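If you're wondering where the values come from, they're calculated on a predicted model, not measured in any experiment. Computation of the quantities below employed the complete heavy-atom set of this structure, encompassing side-chain atoms and omitting hydrogens, waters and symmetry-equivalent molecules.
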Amino acid sequence: KQQLNLHCVTAATGLCGVIACLQAITYNKQLREQIDNLRRERRMFEAIDSNLDKELARIKRNIADTITAVNEAHTAKEKGLSEVNALKLAAEKEHAQFEEEWRQLTHIIEDDR
């Protein structure tokens with residue numbers, strides 16, 4: 001009878017060990033699936049991050065190009081304004097010279113009468 005009880009305890013212990021082993025295998029499988037899912041998510045996030053980095057670099061290039069174009073336009077505007085002012089001064093000077101010559105010629109004509 002005692003040997004039978006010992007056999008039952010041994011069998012029960014072996015069964016418990018098998019159950020524990022099966023539970024550990026199941027738990028390990030779940031952990032492996034979680035790890036695989038996390039790896040897939042990481043790859044997805046890395047791809048998104050890479051795309052965002054490329055987009056950011058493109059936007060920065062566009063901003064730099066826009067700033068360069070604005071600076072060039074501003075320089076051209078300043079040059080144009082400078083030329084306009086120089087032309088205005090030259091026109092005023094020429095007009096003043098014309099008025100002086102006109103006044104002198106009018107004076108000469110009046111003296112000849």
Residues at least two apart in sequence or cross-chain that pass salt bridge (Lys or Arg N to Asp or Glu O under 4.0 Å) with Arg61, listed by chain then number, are none
Residues sharing [X]'s hydrophobic cluster, by side-chain heavy-atom contacts under 4.5 Å among ILVMFWY, directly or via others?
{"X": "Ile63", "value": "Ile59, Ile67"}
{"X": "Leu87", "value": "none"}
{"X": "Phe45", "value": "Met44, Ile48, Leu52"}

Partner set under side chain to side chain contact (heavy atoms under 4.5 Å, CB included) for [X], not counting sequence neighbours:
{"X": "Leu56", "answer": "Lys60"}
{"X": "Glu99", "answer": "His95"}
{"X": "Arg40", "answer": "Asp36, Asn37, Arg43"}
{"X": "Thr68", "answer": "Glu72"}

For residues 82-94, the side-chain hydrogen bond (donor to acceptor under 3.5 Å, both in side chains) pairs (sequence neighbours left out) are none
Side chains of residues 25-33: which donor-acceptor pairs under 3.5 Å do they make with residues two or more places apart or in other chains?
| from | atom 1 | to | atom 2 | distance (Å) |
| --- | --- | --- | --- | --- |
| Thr26 | OG1 | Leu22 | O | 2.9 |
| Asn28 | ND2 | Ala24 | O | 3.4 |

The side chain to side chain donor-acceptor pair (under 3.5 Å) partners of His107 (sequence neighbours excluded) come to Asp111
The complete set of salt bridge (charged side-chain N to carboxylate O under 4.0 Å, His left out) pairs with one or both residues in residues 46-56, sequence neighbours excluded, reads Arg42-Glu46, Glu55-Arg58
